[in-house]
Structures are given as C-alpha cells and as structure tokens.
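Notes follow the structure.
The structure presented is a predicted model; accordingly, all values stated were derived computationally and were not measured.
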2 protein chains.
Amino acid sequence: MPISKTKKKKLTDMKSLEQAAECLRTLAHPHRLRIVQMLLQSEYTVGELAEACSIAPHMASEHLRKMQHCGFLESQKDGQRRYYRVVEPHLSNILACIEQRFG
Amino acid sequence: MPISKTKKKKLTDMKSLEQAAECLRTLAHPHRLRIVQMLLQSEYTVGELAEACSIAPHMASEHLRKMQHCGFLESQKDGQRRYYRVVEPHLSNILACIEQRFG
DNA sequence: TAAGTATATCGCGATATAGCGATATAAGCA
DNA sequence: TGCTTATATCGCTATATCGCGATATACTTA
C-alpha cells in the first residue's frame with residue numbers, strides 16, 4: 001500500500017474533480033496509453049517508444065512531456081538519449097482497471 | 001469477478017487502445033466524474049444530478065447522453081422523469097482507482 | 001570543427017469539445 | 001384545452017487538442 005497523506009477523502013470538491021479530469025484527459029489517448037503500458041514494464045527512450053507506437057519521435061516527445069507535466073512520468077538523460085519511467089504509483093492500478101475492461 | 005469473454009487480452013492493438021481512450025475521454029470531465037460517483041451509489045434523475053453539479057438540467061442531460069453512448073449508463077422513464085443508472089460493471093473499480101489517487 | 005543522431009519546441013491549420021441560449025418533445029395537471 | 005415541469009436537441013461561439021513540418025538544442029563521433 002502506498003503512503004496516503006490523509007484519510008482518503010471523498011473526491012467531491014470541484015478542485016479535486018478538475019484535477020482528476022485533467023489527468024484522465026492526459027491518459028485518454030491511444031498512443032499515451034500504449035506508452036504508459038510499456039513504461040510500467042521498463043524504462044524506455046523517446047525513440048523506442050516512438051517506434052513502438054509507429055509515430056515520429058517528436059510526437060512521442062510531446063506525449064511524454066504532457067504525461068510528465070501531470071506527474072505520471074519522469075526522465076533522466078543518458079548521453080544523447082533520455083529514459084522515461086513511471087513515477088505515479090497509482091498509474092499501475094488505473095491501467096490494470098482499464099486493461100480489465102478493454103483488454 | 002465479472003464474466004470476461006476471453007482470457008484477458010493485452011490491450012496492445014490499436015482498436016482496443018482507441019476504444020479505451022474514447023471512454024476515458026468521456027469520463028475525463030469534472031461534472032461527469034461527479035455524476036458517475038453519484039450513480040454508483042443510487043439511481044438519480046437528470047434534475048437531481050444537475051442540481052448536485054450546479055449546472056443547468058440540459059447540460060446534465062448532455063453529459064448523461066455521452067456516457068450512455070459509450071456504455072456506462074442506461075436510463076428508464078418514470079412519468080416525466082428519467083432515472084439513470086450505471087450498467088458498466090468495471091466503472092466501480094475505475095472510479096475507486098481514481099478516488100484512491102485524487103480523493 | 002563539421003556532420004550525424006536523439007530529443008525538444010514552435011507555429012500552423014484541422015478537428016473536437018465545452019458551454020449556452022433557444023427551441024422541441026413529452027408528461028402531468030388545472 | 002392550455003399551463004407547467006422535466007428532459008432532450010439544435011445551432012452557435014469559444015476554446016482545446018491533434019498532428020505535422022520546420023526548426024532548435026544537445027550530445028557524439030569523425
């Protein structure tokens with residue numbers, strides 16, 4: 001069980017709902033879903049993720065930027081390449097739920 | 001455990017990813033999240049949900065139409081009123097994941 | 001230093017979505 | 001039959017998002 005700051009609120013206030021909606025919108029894209037799925041297994045570079053999704057590297061970079069912005073991912077440089085990884089601990093559960101429904 | 005048609009696929013094909021993304025986009029709205037949350041507890045009319053979200057009834061109706069379209073909800077008439085309810089069995093799990101992260 | 005590779009950013013046109021007033025439909029009631 | 005209430009749809013504007021070519025930055029290697 002991951003650490004929770006408080007005693008599990010109810011997610012009724014608009015601010016939390018807006019935040020949840022924003023993160024869901026970020027996740028709600030076929031290529032980004034695929035990227036998250038891969039990153040839950042291992043770290044990957046921009047180019048590797050781009051190739052797996054059959055998209056241009058600069059598009060993958062953009063998707064990764066968005067997901068980094070909402071706290072899903074972080075990255076670290078290794079020479080020319082940059083490795084991305086999942087840092088949001090709940091992402092694994094959420095993806096599991098989605099896979100259970102759509103997989 | 002709900003019935004699954006097949007042996008849990010991997011959600012790697014584009015078609016499934018697109019479908020998952022579309023449903024997530026439908027869910028990714030603060031008022032719709034609130035509505036789903038309420039409907040997981042009980043059935044409600046359009047007007048009740050509109051009031052709970054502080055939005056006009058015709059806006060709630062539109063949100064409900066979208067969620068019905070992607071298979072989350074169904075409705076039944078009772079005189080003038082129409083009661084909506086959740087019919088997608090995985091929605092409960094998905095909301096629980098979201099609440100765990102953002103609540 | 002110059003050329004090549006990996007990644008990121010910019011700016012644009014196309015498309016999608018949001019929100020809203022106006023209007024429509026349908027049921028209940030005087 | 002008219003009047004009211006509940007819900008749904010239409011048409012529009014504003015805003016957001018998408019995908020892409022062009023360009024920029026940073027690192028590597030010759």
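Rounded to a whole Å, the CD1 atom of B:I35 is 12 Å from the P atom of D:dT7. The CG-P distance, from A:L64 to D:dG19, rounds to 14 Å in whole Å. The distance between atom CD of B:E43 and atom P of D:dT7, rounded to the nearest whole Å, is 13 Å. Atom NZ in A:K66 sits about 14 Å away from atom P in C:dA8, given to the nearest Å. We find that CD1 of A:I55 is positioned 13 Å from P of D:dG21, with the value rounded to whole Å. Rounded to a whole Å, the CD atom of A:E62 is 18 Å from the P atom of D:dA22. Taking atom NE2 on B:H58 and atom P on D:dC12, their separation rounds to 15 Å, with Å as the unit. When the C1' atom of C:dT7 is taken as reference, atom NE2 of A:H63 falls 15 Å away, rounded to whole Å.
With contacts defined as side-chain heavy-atom distances shorter than 4.5 Å, the pair B:M14/B:Q19 does not qualify.
Set against D:dG19, C:dG21, C:dT9, the side chain of A:M59 has D:dG19 as its closest nucleotide. The side chain of A:V46 lies closest to C:dT7 when the candidates are D:dT7, C:dT7, C:dG19.
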Please encode protein proximity along nucleotides 24-30 of chain D as a string of B, S and -, counting only heavy-atom distances under 4.0 Å.
--SBS--

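The minimum heavy-atom distance between A:L39 and A:Y44, with the atom names listed, is CD2-N, 3.7 Å. A pairwise comparison of heavy atoms in A:E88 and A:G71 identifies CB-O, 3.5 Å as the closest pair. Of all heavy-atom pairs spanning A:A21 and B:L33, the tightest one is N-CD1, 3.8 Å. Annotation for A:C53 and A:R34: closest pair SG-CG, 3.9 Å, computed over non-hydrogen atoms.
Taking 4.0 angstrom as the limit, B:R32 places a side-chain polar atom (N or O) nearer than this to OP1 or OP2 of C:dA18. Contact check, A:Y84 against C:dA6: no side-chain N or O comes under 4.0 Å of OP1 or OP2. Contact annotation: A:S61 side-chain N/O to C:dA8 OP1/OP2 distance is under 4.0 Å. OP1 or OP2 of D:dA8 sits under 4.0 Å from a side-chain N or O of B:R82.
Among the heavy atoms of the strands, none lies under 4.0 Å from A:Y83.
If you run ring pair (Phe, Tyr, Trp, His ring centres under 6.0 Å) between B:H63 and each of B:H69, B:H58, B:H29, only B:H29 comes through.
For the pair A:R65 and A:E62, the salt-bridge criterion is met [side-chain N within less than 4.0 Å of a carboxylate O]. Between A:E48 and A:R81, none of the side-chain N atoms (NZ, or NE/NH1/NH2) sits under 4.0 Å from a carboxylate O, so this pair counts as no salt bridge.
Contact check of residues 19-31 of chain A against DNA chain C (heavy atom, cut-off under 4.0 Å) returns no residues at all.
Residues meeting the side-chain contact (heavy atoms from CB on, under 4.5 Å) test with A:Q68, sequence neighbours left out: A:S75, A:Y84.
Put simply, the side chain of A:R32 gets close to the backbone of A:T26: a donor and an acceptor are under 3.5 Å apart.
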